[in-house]
Amino acid sequence: MNTVVVGLQWGDEGKGKIIDYLAKDADIIVRFQGGNNAGHTVVIDGKKFVFHLIPSGILRKGKVCVIGNGVVIDPKVLIEEISYLRKKGVEVSPRNLKISLLSHLIMPYHRVMDAFREGKRIQKIGTTKRGIGPCYVDKFSRCGIRVVDLINPKKFAFKLKDNLKEKNPLFHEVYGRSYFSFKDIFEEYSQYAKFLKPYCCDSVDFLYTNQNKRFLFEGAQGTFLDIDFGTYPFVTSSHTIAGNASLGSGAPFIKIDRIIGVAKAYTTRVGEGPFPTELKGSLDDYFRKTGKEFGATTQRARRCGWLDLEILRRACLLNNVNEVALTKIDVLDSLKEIKFCINYKGHKKRSFSFCDLALVEPKYEKIKGWFKETINVREYSELPILARQYISIIEKTLNKKVKFISVGERREAIIKR
Ligand code: GDP
Ligand code: IMO
Ligand code: MG
């Protein structure tokens, strides 16, 4: 069984936890887009693991994790993540981690450019300032530096020189920044090259050779952060939807059997951009506090709001979702009343453009809260009846089965139906 897991909202839906759960029944786990803008959290025996580049499947023994060509890699962050995991007793070696030679590298000037652009823009995006956007820009303008270049000192020197020739005057004249030193970057990245070389491989060959194994593709960000289908320009710079799993890994020969969309039982968003069901005041605080809604990467407070079934419907369509994993249902446990957006006012189903998300007004329905703790529930039938009613509304509206229900941050806090 080959599975793709994607976020159905604006990221942080709990993909990391669902990937960790599903990885027990997979052999190879592949990241196919994004970079260290992602923060995926898994909690096991009270120990918290936060992943930025390495697939969350690395926590399962005997599995192989692949960072695919569609990912942009900050080598410093990747090396730090490898040592962070090793310190926590997790095996990370060239045996269980493969890095595509075709992945693009985040360079120091990408990070600086990201921060400068954010600083200068009138319309801010609220990026993670990790250099993601500028790195993808260079990839598509064909001056990017790839992993295959990193491990070849001559090629790397040539490409770095070529980039600095263009970028240094630009940074200097437009942003008033001092020049980037070729020598400093070359020396720094040569150290990274030495460390990472044993992990690098032709990932297409690797996946092709192993095509009979069970694959799990780990999406990062969420559907509405997709560069085309998201709330542009308040999006990230890659395709976050399931359709990119094949392109971002170079594995069209792997047949996808199942697409699992992960949705939080309410909605959150980090950074700028439209968010129809956003709450202000005490309920916003309730979600942030109870759901610990602070970014796993930037620690920024996440904006919180009610579940929006209209965006979920659209996300199911864009990703061709087969099954839904609903997370953080426990966060709703102590609410007297639970609202959800069933549609947008004045719009019949799907008759408006998602380009106008900033202009819509949500139409809410509500149910009574269940007012019972769900964190220790492991059987669907043992969930409070009102919680089951909430899930049933979601299923009927989306016409999809909610196959997994997460009731707490811990690995075992999950119900499979
Ligand atoms: P991702 O980016 O989609 O992997 O999600 P994040 O890890 O950024 O954010 C999800 C947060 O919710 C993490 O802190 C998880 O530990 C936590 N989490 C995941 N599932 C649940 C759940 O069912 N209940 C609660 N209370 N927390 C959860
Ligand atoms: P995971 O994988 C939530 C948001 C940023 C910003 C926008 C663009 O943990 O779900 P970027 O740095 O990508 O150019 O920022 O996208 N963003 C995320 N929000 N979860 C993420 O990843 C995100 N990755 C990027 O906050 O609004
Ligand atoms: Mg996250």
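Both ligands and their constituent atoms are indexed starting at 1 by order of listing.
- Where the criterion is an N or O separation shorter than 3.5 Å, residue side chain and backbone included, Thr128 meets it with respect to ligand 2.
- For a threshold of 3.5 Å applied to N or O pairs, the pair formed by Lys129 and ligand 2 contains no separation below that value.
- The distance between the ring centers of Tyr208 and Phe253 falls below 6.0 angstrom.
- The pair Lys280-Glu278 counts as a salt bridge, with a side-chain nitrogen and a carboxylate oxygen less than 4.0 angstrom apart.
- Under the 30°/60° scheme for interplanar angles, the aromatic rings of Phe287 and Trp306 are found to stand perpendicular.
- The ring pair (Phe, Tyr, Trp, His ring centres under 6.0 Å) check on Phe275 picks up Trp10, with sequence neighbours excluded.
- For Phe195 and Tyr192, the distance between ring centers is not under 6.0 angstrom.
- In terms of protein heavy-atom proximity, atom 27 (O) of ligand 2 is closest to Val270 O, 3.0 Å.
- By the criterion of a heavy-atom distance under 4.0 Å, the side chain of Asp330, and not its backbone, is placed next to ligand 1.
- Taking any N or O of Ile329, backbone or side chain, none lies under 3.5 Å from an N or O belonging to ligand 1.
- Ligand 1 has Lys328 within reach: a non-hydrogen atom of the residue lies less than 4.0 Å from it.
- Polar contact with ligand 1: absent for Lys17 (N/O pair, distance under 3.5 Å).
- When only interatomic distances are considered, the shortest N/O to N/O separation between Gly39 and ligand 2 falls below 3.5 Å.
- Residue side and main chain included, Gly39 places an N/O/S atom under 2.8 Å of the Mg ion (ligand 3).
- Considering backbone and side-chain atoms alike, Gly408 places an N or O below 3.5 Å from some N or O of ligand 1.
- Polar contact check, Gly14 against ligand 1: a nitrogen or oxygen pair lies under 3.5 Å apart.
- Across Lys264, Arg303, Arg269, a single residue satisfies salt bridge (Lys or Arg N to Asp or Glu O under 4.0 Å) together with Glu293, and that is Lys264.
- At least one N/O-N/O distance between Gly16 and ligand 1 falls below 3.5 Å.
- Residue-to-ligand polar distances keep Glu272 apart from ligand 2: every N/O pair is separated by 3.5 Å or more.
- Residues Lys255 and Asp257 are paired through a salt bridge, judged by an N-O separation under 4.0 Å between the basic side chain and the carboxylate.
- The side-chain tip of Lys416 does not point at the ring of Phe404 from less than 6.0 angstrom away and within 45° of straight on.
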